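What's counted below: heavy atoms across the whole structure, side chains too, no hydrogens, waters or symmetry copies. Position 1 is the first residue of the sequence, and the numbers go up from there. The structure displayed is predicted, hence computed values, not measured ones.
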Amino acid sequence: MAKPRKPKPEDPKPAHSGAVVRHQKLCLSIDTNLRRIYGYTELEIEVPDIGIVGLHAENLGIESVLVDGEPTDFEYYPRNQSSDIEKRWASAVSSPSSAADVAAAAYVTALETELIPNLLINCFNKMQIEQINTEPNGVQSSAEVKQNVKSVRVNYWVEKMETGIHFEDNVVHTDNQIRRARCWFPCIDDNNQRCCFDLEFTVAHNLVAVSNGSLLYQVLSKYEPPCKTYVYRLDVPVTAQWISLAVGPFEILPDQHNGLISHMCLPPNLPKLRHTVEFFHNAFSEYEQYLDAKFPFGSYNQVFLSPEMAISSSTVGASLCILTSQVLFDEKVIDQTIDTCIKLAFALSRQWFGVYITPEAPNDEWLLDGLAGFLTDLFIKKFLGNNEARYRRYKANCAVCKADDSGATALSSSFACKDLYGTHSIGLLGKIRSWKSVAILQMLEKQMGPDFFKKILQAIICRAQSTTCPVRSLSTKEFRHFANKIGNLERPFLKEFFPRWVGLYGCPVLRMGFSYNKRKNIIELAVLRECTATIDSSVSVLNANPDSENRDGDIGWPGVMTVRVYELDGMSDHPDLPMAGDAWQLLEIACHSKLAARRYQKPKKGSKPDGSDDNGDLPTVDMRSSVDSPLLWIRADPEMEYLAEIHFNQPVQMWINQLEKDEDVVAQAQAITALESLPELSFSVLKALNNFLTDSKAFWRVRIEAALALASTSSEETDMAGLQHLVKFYKSRRFDTDIGLPKPNDFSDFPEYFVLEAIPHAVATIRAADRKSPREAVEFILQLLKYNDNNENPYSDVFWLAALVQSVGELEFGQQSIYFLSSLLKRIDRLLQFDRLMPSYNGILTISCIRTLAQIALKLSGFIHLDHVFELIKPFRDSKTIWQVRIEASRALLDLEHHCNGINAALLLFIKYIEEEPSLRGQVKLGVHAMRLCQIQGGSVSSEDIKATTLVALLHLLESRIAFNNVFLRHYLFCILQVLAGRSPTLYGVPKEKLPCMGNVEICNEQKNNFGAPVNEIRPPQPQPPMGNPSHSNHSHDNLAIPEASKEVDTVSNSHDRKTAVVKIRVKQSATSSKAEEADNGTAERSEGGERSEGRRNHDADRGATSSVSVDAPQRNSAEAVSISNQNIEEVNSFHDHGSRITASIGSAKIASEGDNFGKELQCTADSGNASVHHQPDDPSSPSIIQDSYIDAEAKKYASLQTLSISRDDGPPFQEKEKEKKKKSKKKKKDKEKKRKGEEHKGERNDPEYLEKKRLKKEKKYKEKEMARILGEVKAASGELKSKKEETTSLTQMGGNKQEADNMNSSEPPKVVISKLETRTEPTQPTSAPKFRIKIKSKPLSKS
């Protein structure tokens, strides 16, 4: 049994020791007439030691900031837009591949910029700073510790209601897009920051303000015009993302069964609302009963807005969900019922897992998403039926197995969640991840049992509602602990299960076949196990996962799979198929049924050898696959205990038996899929499919699959038997036998309604030998359209007619059926006119007509002028039409443009439509459609198909305000540019170190630098910490995470932590030079990178905080740039001294063009205690001197001198002590090494493996000697250039031939000269402060 873990605190302090919000109050006044929002927010913040609090704020006007009631200084950096985007990218974008690189850089830069606080508040006034400075030894007083919690008030107004919060007539509402809460109130917009909220909203007296938590009271003002203030309190700590608001003239509908639930909508939708939410109390009570806990929030409100307002169909907030009225339906609508019920149930489950219980880290988001989906499946199973739940899960598993082939679908690995910034939940991959999460949790439920799994969920909720120490976050590790402690699953199984299913990607693919051994009465089952992902990639990720124990290359899965055998005497389960081990496996399964011995019967005269008679009646069909076998059918993994793709081979009769006799909907769907894929179809197969279609007791979704299978198997070889079966079935249900015409509609039988609704679609997909639709199929659909009568039907036929119209678009017209086209078009035009006068439910009928007209135009483009169709559809894009119709018209026009003029013209039209589309949700739909058009192209799009100006326009849109306001659209724009380059539409796998330079990084650095400046001004002196000061991390290596655009920025950060003066000068390298150096010095960096990084960390820890001067060298775009050196000398601290340390770094020294007046001389003067300077050691293995004889052609264009480290000693006593210590430690190491070698290699003198190691060691020593000799020659050559007073080091290119040297001399390239003081081998006494001068001298190139 696992040892129970100690409970963790509710709100742990972040690792970076930043500000922690304990409580936040938000007070806003909202004027819908003037479209103004103004007010203040008051935060109770635990201020860090540096005294600076960073908040996120965007689209806001900051009026003033007060700390404990007193005004204070603050700095606000709103998001700036680059005005020269086209100019900046015109030269960089020449192909789809380069545009994809720039898009990745722009996207990552924008996401990283959003993580940085841009409202910096000084929480220490001058009096407090002086008091702290006067404390002895820099120790803070107890009074200062008490004052560490500050009350920060920000008075502000909302400048732009474009994202985060929106105005629509007299309705105001928010959205919970990623990192957009900052756009309507200042906050720490981070998933790790959770606090309680007090909310007050003042609106007009005739409006209702709905927000999070419990409504405490309402206050009606006496002023004119009268206003009403709604006061809410949220006692459960949540992140800022879950704070929501909806203001409007809502009609409030209290739930009749539960007083905690309220439903609201605009007045016209109240009748629909009453009918829609009748079921909702069932889901609410079901969740409470299953989790054995009360709803965690004081109330639950559902607000339904018009579809044009929302960015998605549902926006989840704490105790509040904002949905679109598109999901509402009345008693006449049938098709929308199931989808709406599931959508509302899922939004409620997110309140439990996602809002109340939050993920501990981004790697744990899959778990909360999966638990919410698991609760939703419980609701589906109980209220919509077990068949609906199993069928949905089966289809979701099939989709996951097809798409789970890359690291983008790994749920909890650092590879999948690192650097994705929350974008992994957007789009199709987000759905795949969600379905996979639910499937994995259901697999665990199968392993431990439903009762144990229920207890785990109850324990999670119970500890969250604890009154002593509540824990409202959940991690994968904790859930694994619960599975062992409560679920009674063994640790070895869990140790394999979670790394394989959660940490990696790929699903098992099983190919199975069997033979029956009559003599032994056993089944010999052969199994080949594969994986949906490539084996090499899975192995590499598996071996890179530190939590995984499976490192031998086996791509197995833990556990065993069950094989279920149906025999004459019954059914039996055999859990004998291991999912790990050998990929090829052969199992022997014993059969329980025995065959009776057959007597030999003499064949009758004239009969066939098999016993059949042509003249006699047909014999009864034997259920067995063979008379020599007792088997009826076999199933693998019947209970879906594994997320696996199974290909099982068994005789046709066994598939028919499974379809007809197995009552499981999954078994029936698998049988239909297998029969449909048979290469040769017998009439017994068609008969079985038809019998299943006509069986009213079968599940209606599987019956629809049978109808589609009949359509796909219908061909000339089968005499169009499938078409005949479909038409006959439909006419038997819906036609009047006396007159031969359709009856008036009667939709009282809902399952039969859904099946009959799918028949026209199935008929329209049938093709004759000429790949055209048969004449009978076209006539059948025309007859249904012509004689549709819904007068006496109490239900709406809008979805019924829409299905008929869409089936017209799926027809292929040939010579025999083209004459029916005019009649079909007339019917479609008539429906369009009718829908204009009396709009259908959500515009469904108009949408289907537009889609069908576009499909017909594309199929008959050789006979129809597409311009006419274009003009016919274009009026539906009018802004007055509802957004669903407007978006469908835009999609159709994009399809026509793509068909006529190619992808370039389609993308230009797409950009135009995006700029014109007012609704955020409509923009997202267009983005998805444009990405699909790009995927239709297949592979990488050539530069001839798409112009550079179009790519630049897409990049401009990616960085525009439109994309910033719509997070989902921005992601799809990035995906479009990736698909055009033939890449995967995801941020996963984009290497940050290879991203090109982006100008927006400058904004990020400016914010970091400005954040550091006030910190050092107000921070009091403190005792020396054991490690380096974290406040300087922004100025050291963090800025090098992404290569930045060259910009001259000086960042000075002074620290009082230590009295020793340490100065750094860095000139950061550009992206181009860094790429060149990577090619040159890859081997050296791999061999000694670990030692250098370890040494640098140790040295930084010893010397404590440092001061740094960061200087970025300006970019030089010279076509004739000449390399001056290929050396890559890493920064090394040669000695730990107590004086000063000067480090000069030059990332790239490029040739300045003529007339370039940028700084060509960099000078630094530093005071030092001593003037003596020591040489760098000449040891060739030293990481400070590494020279590669091979020079890459690309590297010859650049010069790189990264660092030059100069250090000094304090004097002879200190130096001698250090030397003695080093000698003693070296001697001890040598003795231990000799003993170890003597014991290890004793008796191995003749071992060939030992001799081979010895030979390699000798070769290594020889190479080191050669390197030392080359470096000695370099030193001798450089020594000739030394002067008597000043020692000048000139770095020239090594390894080049004489011809290259002559060319360089003839062109007289500029030289990089680093001047320094004369070095001495003996230390001297301190003298006057020396001057260190770094010069970059350049001479103009000779013009040829």
Side-chain angles (χ1 to χ4, degrees), residues 253-258 260-265 269-291 295 300-305 307 310 312-316 320-355 369-396 431 434-435 438 442 665 699-701 704 747-755 757 795-796 798-799 841-842 844:
L253 178 65
D255 196 274
Q256 298 178 0
H257 303 273
N258 196 318
L260 298 178
I261 308 173
S262 297
H263 314 282
M264 307 177 195
C265 68
N269 296 320
L270 185 59
K272 292 181 181 179
L273 180 64
R274 293 182 186 276
H275 183 75
T276 303
V277 298
E278 285 180 352
F279 79 99
F280 189 74
H281 69 280
N282 295 322
F284 195 89
S285 58
E286 172 65 18
Y287 292 166
E288 287 186 334
Q289 181 180 356
Y290 183 83
L291 298 173
F295 187 65
Y300 184 68
N301 300 317
Q302 292 186 129
V303 182
F304 295 87
L305 304 176
S312 60
S313 58
S314 63
T315 299
V316 179
L320 172 65
C321 186
I322 301 176
L323 303 105
T324 66
S325 58
Q326 182 182 354
V327 301
L328 298 177
F329 58 90
D330 54 22
E331 63 278 0
K332 295 183 178 181
V333 176
I334 301 174
D335 299 65
Q336 187 65 40
T337 306
I338 296 177
D339 293 339
T340 297
C341 291
I342 295 175
K343 191 179 295 293
L344 297 184
F346 179 74
L348 179 61
S349 66
R350 288 293 289 176
Q351 297 291 326
W352 292 92
F353 297 104
V355 180
D369 196 16
L371 289 174
F374 182 85
L375 278 184
T376 308
D377 275 5
L378 290 177
F379 165 78
I380 295 173
K381 185 182 298 184
K382 185 164 185 179
F383 296 99
L384 298 180
N386 186 57
N387 287 342
E388 180 75 18
R390 283 187 60 84
Y391 185 84
R392 282 179 171 271
R393 182 186 170 192
Y394 168 67
K395 288 300 181 181
K431 291 183 180 179
S434 180
W435 292 337
V438 178
Q442 289 174 337
V665 293
F699 184 48
W700 62 271
R701 290 191 186 273
I704 291 175
F747 300 155
S748 56
D749 188 350
F750 291 163
E752 201 72 15
Y753 160 78
F754 286 120
V755 174
E757 187 183 48
Y795 299 99
S796 172
V798 57
F799 286 94
Y841 175 78
N842 290 335
I844 294 295

**Student:** Can you tell if the side chain of Phe754 reaches within under 4.5 Å of the side chain of Asp335, non-hydrogen atoms only?
**Tutor:** yes
**Student:** Quick one: side-chain hydrogen bond (donor to acceptor under 3.5 Å, both in side chains) partners of Gln326, sequence neighbours excluded?
**Tutor:** Arg921
**Student:** Looking at Gln256, I want to see if its CD is surrounded by more than 12 non-hydrogen atoms of other residues, nucleotides or ligands under 6.0 Å.
**Tutor:** no
**Student:** Any non-hydrogen side-chain atom of Val665 less than 4.5 Å from a side-chain atom of Tyr394?
**Tutor:** no
**Student:** How close do Val438 and Gly373 get, heavy atom to heavy atom, and via which atoms?
**Tutor:** CG2-CA, 3.7 Å
**Student:** Do you know the tightest heavy-atom contact between Ala345 and Tyr287?
**Tutor:** O-OH, 3.1 Å
**Student:** Could you go through the side chain to side chain contact (heavy atoms under 4.5 Å, CB included) check for Asp339 and Gln336 one step at a time?
**Tutor:** CA-CA 6 Å; Asp339 293 339; Gln336 187 65 40; 4.2 Å; yes
**Student:** So, taking the atom named CH2 in Trp700 and the one named CD in Glu757, what distance separates them when rounded to the nearest 0.5 Å?
**Tutor:** 9.0 Å
**Student:** Check the pair Cys341, Phe383 against side chain to side chain contact (heavy atoms under 4.5 Å, CB included), reporting the backbone distance first and the verdict last.
**Tutor:** CA-CA 10 Å; Cys341 291; Phe383 296 99; over 6 Å; no
**Student:** Applying side-chain hydrogen bond (donor to acceptor under 3.5 Å, both in side chains), can you list everything that pairs with Asp255, at least two apart in sequence or on another chain?
**Tutor:** His263
**Student:** Check whether Ser349 reaches the backbone of Ala372 with its side chain - one donor and one acceptor, N or O, closer than 3.5 Å.
**Tutor:** yes
**Student:** Is the closest basic N to carboxylate O distance between Arg392 and Glu388 below 4.0 Å?
**Tutor:** yes
**Student:** Anything under 30° is parallel, anything over 60° is perpendicular, the rest tilted; go ahead and classify Phe699 against Tyr391.
**Tutor:** perpendicular
**Student:** How long is the straight-line distance from CG of Leu270 back to CZ of Arg274, given to the nearest 0.5 Å?
**Tutor:** 4.5 Å
**Student:** In the structure I gave you, are the side-chain heavy atoms of Asn842 and Val798 within less than 4.5 Å of one another anywhere?
**Tutor:** no
**Student:** Would you check if the side chain of Thr340 reaches a backbone N or O of Val327 as a donor-acceptor pair within less than 3.5 Å?
**Tutor:** yes
**Student:** Taking all non-hydrogen atoms of both residues into account, name the closest pair between Phe295 and Leu348 and its distance.
**Tutor:** CE1-CD1, 3.9 Å
**Student:** Should Asp369 and Arg350 count as an ion pair when the cut-off is N to O under 4.0 Å?
**Tutor:** yes
**Student:** In Å, rounded to the nearest 0.5 Å, how long is the span from CZ of Phe346 to OG of Ser434?
**Tutor:** 5.5 Å
**Student:** A side-chain contact here means heavy atoms from C-beta on lying under 4.5 Å apart; do Phe799 and Ile334 qualify?
**Tutor:** no
**Student:** For the side chain of Thr324 and the backbone of Leu305, is there at least one donor-acceptor N/O pair under 3.5 Å apart?
**Tutor:** no
**Student:** Looking only at the side chains, is there a donor atom on one of Ser313 and Lys343 sitting less than 3.5 Å from an acceptor on the other?
**Tutor:** yes
**Student:** Please examine the side chains of Leu371 and Leu375, heavy atoms only from C-beta on, and report whether any two atoms are closer than 4.5 Å.
**Tutor:** no
**Student:** How close do Ser312 and Ser314 get, heavy atom to heavy atom, and via which atoms?
**Tutor:** OG-O, 2.9 Å
**Student:** Test Tyr795 against every option in Phe750, Tyr841, Tyr753 by the ring-ring contact (aromatic ring centres under 6.0 Å, His included) rule and name the one that passes.
**Tutor:** Phe750
**Student:** Where do Leu273 and Phe304 come nearest, in terms of heavy atoms and distance?
**Tutor:** CD1-CE1, 3.4 Å
**Student:** Please report the interatomic distance CH2(Trp352) to CD(Glu288), rounded to the nearest 0.5 Å.
**Tutor:** 5.5 Å
**Student:** Show your working on side chain to side chain contact (heavy atoms under 4.5 Å, CB included) between Phe353 and Leu291 and close with a plain yes or no.
**Tutor:** CA-CA 11 Å; Phe353 297 104; Leu291 298 173; 4.2 Å; yes
**Student:** Report the residues that fulfil side-chain hydrogen bond (donor to acceptor under 3.5 Å, both in side chains) with Thr276, sequence neighbours left out, ordered by chain and then residue number.
**Tutor:** none
**Student:** Give, for atom NZ of Lys381 and atom CZ of Arg393, the distance between the pair rounded to the nearest 0.5 Å.
**Tutor:** 8.0 Å
**Student:** Check the angle between the aromatic planes of Phe284 and Tyr300 and answer parallel, tilted or perpendicular using the 30° and 60° thresholds.
**Tutor:** tilted
**Student:** Supply the atom-to-atom distance Phe379 CZ to Leu384 CG, rounded to the nearest 0.5 angstrom.
**Tutor:** 5.5 Å
**Student:** Taking all non-hydrogen atoms of both residues, which atom of Ser325 and which atom of Asn269 are closest, and how far apart?
**Tutor:** CB-ND2, 3.5 Å
